[in-house]
Novice: 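Here's a structure for you.
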Amino acid sequence: MNKKFYITTPIYYPSDKLHIGHAYCTVAADTMARYKRMQGYDVMFLTGTDEHGQKIELKAAEKGVTPKQYVDNIVAGIKDLWKLLNISNDRFIRTTDDYHEKAIQKIFRQLYDNGDIYKGHYKGWYCTPCESFWTETQLKDGKCPDCGRDVTLSEEEAYFFRLSKYADKLLKYYEDHPGFIEPQSRQNEMINNFIKPGLEDLCVSRTSFKWGVPVDFDDKHVIYVWVDALSNYITAMGYGSDDDSDFQKYWPADIHLVGKEIVRFHTIIWPAMLMSLNLPLPKKVFGHGWLVIGGGKMSKSKGNVVDPVLLCDRYGVDAIRYFLMREIPFGSDGNFTNESLISRINSDLANDLGNLVSRTVAMIIKYFGGTLSDVNIPDELDNELIELARQTKSSAESYLDNMQFSNALSEIWKLISRTNKYIDETMPWVLAKDESKKDRLNTVMYNLCEAIRIAAILITPFMPSTPAKIADQIGIDEKYMTWDSAGQWGIMPRNITVAKGDTLFPRIDPVKELAQLEAIVPTKEPADDKKSDETKADIAKGNEKASVPEGIASLITIDDFAKVELKAAKIISCEPVKRAKKLLCLQLDDGDKGRQVVSGIAKWYKPEDLINKTVIVVSNLKPAKLCGVESQGMILAADAGEDDVKVVFLDESVPAGSKIR
Ligand code: MSP
C-alpha cells in the first residue's frame with residue numbers, strides 16, 4: 001500500500017480578490033502535493049475558504065447582501081483562480097458547508113464535555129480584520145499589534161477555552177518533536193513571545209454578532225471563527241461525521257503550510273484543541289514568509305497587490321509558478337518586483353530552458369531530418385553531463401523534502417546549464433561538417449534529449465504543463481516521464497523523432513515590458529515620503545507584524561546561511577575595467593578552476609596593492625556582467641566610514657579554496 005501524505009493550505013478569507021501573496025502559499029502546497037504524487041504517495045491536498053466571522057458579516061452589510069450571498073460570489077472566484085493556477089487540490093472545504101458546521105458543533109461540545117470550555121465574561125479588545133482578541137497591554141499604541149488597525153472594546157458573556165492549561169504540554173511537545181514547527185526561528189518566537197510570557201484562556205464564542213456556527217447547547221453564542229476555521233483540517237476528512245474513514249486514513253496531517261502571521265494559531269491554539277480532543281497533532285507546521293512589495297507587505301488596504309490573473313495572462317501559468325517558487329527562499333520574506341519577474345522569465349526560462357529545447361530540436365531536424373538512429377558512440381566528454389543528470393533527482397529531492405523549493409529548482413537548473421554547456425563543448429555544428437562524425441553527432445543529440453527529459457520530469461511539480469510540451473517536441477513517450485525514471489540515464493529509446501513546437505517561453509523585451517507593467521502594478525520601492533503610513537510601520541518592524549518582536553523574523557536560519565558559499569581566494573592579478581572608473585577586475589585563485597570577479601573598489605585600492613592578498617569570495621553567486629565584464633562572484637568588503645571601503649583580507653596562511661563558515 002502506498003504511503004499517505006496529507007497537506008493543507010490555510011483556508012482563505014473570502015475577500016474581494018486574492019492576490020499573488022495568497023497564490024504563493026497555494027502554489028507551494030500544490031508543488032509539494034504533485035511531487036509526492038509523482039513519488040507514489042497517496043496524497044490528500046486540502047484547501048478552502050474561511051467564511052464566518054464579524055468581518056464577513058460587516059462586509060456583506062456594506063454591500064447590502066446576506067453574508068452567504070456575499071461569500072458564495074467570492075468563493076466561486078477563488079475556485080476559478082486555483083483552476084487557472086493549475087492547483088491540484090483533492091478537496092475544497094467551505095466553513096459554511098453543512099457537514100463542517102455540524103462537526104464544529106460536536107467538537108465544541110466535546111471540548112466542553114472534557115472540561116476545557118467554561119462560561120465567563122469577556123472584556124477586552126477585538127480586531128475584526130484579524131478576528132483576534134487582545135488585552136490592553138498587548139495593544140501597540142492602542143491598535144491591533146498584528147495589523148496596526150483600530151480595535152473595538154468588546155464586553156460580553158462568552159465561553160473560554162482553557163488554553164493556559166496547555167502551556168507546559170505544548171513546550172514539552174515542541175521539545176519532543178523537533179521539526180514540528182519550521183523554520184526553527186518560528187518555534188523560538190512562539191516560545192519566547194507567547195508561551196513563556198503566559199498563555200491566557202482563550203475566548204471562544206461571541207454573542208455580539210450572528211454570522212457563525214451557533215453553540216448547539218447555548219445558541220445565542222456563535223463559535224469563535226478561529227476554532228471554526230482550524231477544525232477544517234479534520235472536519236474535511238469526515239471527523240465528527242458518520243463516515244470518518246478519510247480521517248482515519250489521512251490524519252494526522254503531514255504538513256500544515258501557513259503564512260508566518262498565523263503560525264501562532266496553528267502551533268498553540270490548534271495543538272491545544274487537539275490535545276483536549278485526544279487526537280494526534282499534525283506532523284509539521286511550516287510558516288512561510290511573505291511576498292512584500294515596495295518594502296511593505298502586499299495587502300489590499302495598501303493598494304499594492306499584484307493580481308495573479310493578470311500575470312498568468314501575460315506570461316503563462318507555469319512561468320508565474322516557477323517565479324514564485326524560485327525567487328524567494330521558502331520561509332523568508334521576499335520582495336516582489338516586476339524587474340525580477342521579467343529577468344527570471346528571460347534568463348531561466350526563455351534562455352536556459354526554452355533555448356535548450358528549441359536548439360536541440362532544430363539541430364536534430366537539420367542534421368538528421370528529425371529522427372535519430374540507434375547508434376551510440378560515447379566519449380569521455382559525456383561523463384560529467386551523465387553523472388550530473390543521474391544525481392540531480394536525488395539532490396532536488398533532498399531540498400524538496402525540506403520544502404526548499406528554490407534550492408531544488410537551482411539544482412535542476414544546474415543540469416540545464418550543464419546541458420547547454422555540453423552543446424558548446426561538443427560543437428555539433430563542427431561534427432556535422434564531417435560525415436565520419438555523424439554517428440557521434442547522433443549520440444550527442446541523444447544525450448541532449450536524455451538530459452532534457454530528466455530536467456523536464458523534475459520540473460513537473462513546479463510547472464505542470466511545460467513537461468508534456470517538452471516531451472512532445474523531443475518525441476519522448478509518456479512512460480519515460482515518470483519520477484523514478486528521472487534517476488536513470490539512457491532509458492529512452494535512441495531512435496526518437498522530434499517535432500518542432502511553439503516557443504516554450506517567448507523572450508520578453510525587458511525595457512518595454514517593464515514600463516508597461518510598472519504602469520499597471522508599480523513594484524519599484526517608492527520614495528520614502530511616498531510610502532503609506534502602514535508601509536512605514538511595516539518597515540519599522542522589519543516587515544513583521546508587531547506581535548513578533550523586532551528583528552526576530554528577519555533573522556535567518558543556519559540553513560539560510562549555509563546557502564551562501566564563502567571561500568578564501570588569492571588575488572593573482574588585477575586591472576582597472578575600461579570605461580568604468582569605479583571597477584577593478586580581479587583574477588582569483590579559488591583553489592578550483594579560478595574565477596574572475598569585478599569589484600567596485602577602484603576608488604580605495606590600486607591594482608598593485610591587491611596582488612597576492614587573500615580575500616573572501618562569495619563563490620555561488622550567479623554570474624553577472626558589470627559594464628560588460630563578467631563577474632563570477634563578489635569579494636567581501638566593509639563600509640568603513642561615510643566614504644570608505646575596506647576589503648576583508650585573510651591571513652596569507654589561509655590556503656586558497658578554504659571554506660569560510
Ligand atoms: N482565514 C485565515 C486562515 C485560517 S487557517 C485555519 C487567514 N486567511 S487569509 O486569507 O488572510 O490568509 C491566508 C494565507 O495567505 C495566510 O497564510 C497568509 O499568510 C497568506 N498571505 C496573505 N498575504 C500574503 C503575502 N503577501 N505573502 C505570502 N502569503 C500571504 O489568515
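As the structure lists them, so they are numbered: ligands from 1, and atoms in each ligand from 1.
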Novice: May I ask you to decide if His19's main-chain N or O and His22's side chain share a donor-acceptor pair within less than 3.5 Å?
Specialist: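 Answer holds: yes.
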Novice: Do side-chain atoms of Tyr6 reach the backbone of Tyr233 as a donor and acceptor pair under 3.5 angstrom?
Specialist: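 Yes, the answer is positive, given that a donor and an acceptor are paired below the 3.5 Å cut-off.
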Novice: Check each atom of ligand 1 against the heavy atoms of Ala229 and keep those under 4.0 Å away; list them by number with element.
Specialist: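 In order of numbering, the contacting atoms are 6 (C).
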Novice: Roughly how far, to the nearest 0.5 Å, is CD1 of Ile459 from CG of Asp318?
Specialist: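 Atom-to-atom, Asp318:CG and Ile459:CD1 are 7.5 Å apart.
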Novice: May I ask you to decide if the ring planes of Phe160 and Tyr118 are parallel, tilted or perpendicular, using 30° and 60° as cut-offs?
Specialist: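 Parallel.
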Novice: Which value, rounded to the nearest 0.5 Å, describes the distance between Ile20 atom CD1 and Leu324 atom CG?
Specialist: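 Result: 4.5 Å between the selected atoms.
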Novice: Which of the numbered atoms in ligand 1 are under 4.0 angstrom from any heavy atom belonging to His19?
Specialist: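 Every atom of ligand 1 under 4.0 Å from some heavy atom of His19: 23 (N), 24 (C), 26 (N).
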Novice: What is the closest protein heavy atom to atom 10 (O) of ligand 1, and at what distance does it sit?
Specialist: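 Looking at atom 10 (O) of ligand 1, the protein heavy atom closest to it is Tyr13 N, 3.1 Å.
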Novice: May I ask you to check whether Val258 has an N/O atom sitting below 3.5 Å from an N/O atom of ligand 1?
Specialist: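 No - when backbone and side-chain N and O of Val258 are compared with those of ligand 1, no distance drops under 3.5 Å.
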Novice: Would you call Lys4 and Asp42 a salt bridge, using N to O less than 4.0 angstrom?
Specialist: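 Between Asp42 and Lys4 there is no salt bridge, as every charged N stays at least 4.0 Å from the carboxylate O atoms.
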Novice: Check for a donor-acceptor pair, side chain of Glu518 on one end and backbone N or O of Thr523 on the other, with a separation under 3.5 Å.
Specialist: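 Yes.
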Novice: In terms of atom number and element, which parts of ligand 1 are under 4.0 angstrom from non-hydrogen atoms of His22?
Specialist: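 So the answer, numbered in order with elements, is 10 (O), 15 (O), 22 (C).
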Novice: Does some side-chain heavy atom of Phe5 sit less than 4.5 Å from a side-chain heavy atom of Ile7?
Specialist: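 SC-SC contact between Ile7 and Phe5 confirmed.
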Novice: Quick check: do Phe336 and Val292 have side-chain heavy atoms less than 4.5 Å from each other?
Specialist: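 Not in contact.
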Novice: Between Tyr233 and ligand 1, find which residue part has any heavy-atom pair under 4.0 Å and reply side chain, backbone, both or neither.
Specialist: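 For Tyr233, the contact with ligand 1 is made by the side chain alone.
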Novice: So is Pro10 polar-close to ligand 1, meaning N/O to N/O under 3.5 Å?
Specialist: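 So ligand 1 has no N or O lying under 3.5 Å from an N or O of Pro10.
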Novice: How far is atom 17 (O) of ligand 1 from the closest protein heavy atom, and which atom is that?
Specialist: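 The protein heavy atom lying closest is Gly259 N, 2.8 Å.
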Novice: Heavy-atom contacts with His288 under 4.0 Å: which atoms of ligand 1 show up? List them by number with element.
Specialist: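 Atoms satisfying the 4.0 Å criterion: 28 (C), 29 (N).
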Novice: Do any heavy atoms of Trp226 fall under 4.0 Å from ligand 1?
Specialist: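 Trp226 counts as a contact of ligand 1 under the 4.0 Å cut-off.
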Novice: Suppose I only count heavy atoms of His266 and a 4.0 Å limit; which atoms of ligand 1 are within that range?
Specialist: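 Counting atoms of ligand 1 from 1, those under 4.0 Å from His266 are 5 (S), 6 (C).
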Novice: Would you mind running through ligand 1 and noting each atom that sits below 4.0 Å from a heavy atom of Asp50?
Specialist: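 It comes down to these atoms of ligand 1: 1 (N), 2 (C), 4 (C).
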Novice: Sub-3.5 Å donor-acceptor pair from the side chain of Asp201 to the main-chain atoms of Leu163, do we have one?
Specialist: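 Yes, because the side chain of Asp201 sits within donor-acceptor range (under 3.5 Å) of the backbone of Leu163.
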Novice: Pull out every atom of ligand 1 sitting under 4.0 Å from any heavy atom of Glu261, numbered as shown with elements.
Specialist: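 What qualifies from ligand 1 is 16 (C), 18 (C), 19 (O).
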Novice: Tell me: protein heavy atom nearest atom 14 (C) of ligand 1, and distance?
Specialist: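 The protein heavy atom lying closest is Tyr12 CE2, 3.6 Å.
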Novice: Please say whether Gly21 places an N or O atom under 3.5 Å from an N or O atom belonging to ligand 1.
Specialist: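 In this structure, Gly21 places an N or O atom under 3.5 Å from an N or O of ligand 1.
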Novice: What protein heavy atom sits nearest atom 3 (C) of ligand 1, and how far off is it?
Specialist: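 For atom 3 (C) of ligand 1, the nearest protein heavy atom is Ile11 O, 3.2 Å.
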Novice: Checking ring pair (Phe, Tyr, Trp, His ring centres under 6.0 Å) between Tyr224 and each of Tyr159, Phe133, Phe209, Phe161, which is the one that passes?
Specialist: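 Only one option passes, and that is Phe133.
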Novice: List ligand 1 atoms under 4.0 Å from Gly289, heavy atoms only on the residue side.
Specialist: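 Heavy-atom distances to Gly289 below 4.0 Å select 28 (C).
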Novice: Specify the protein heavy atom at minimum distance from atom 27 (N) of ligand 1: its residue, its atom name, and the distance to 0.1 Å.
Specialist: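 For this ligand atom, the closest protein heavy atom is Leu291 N, 2.8 Å.
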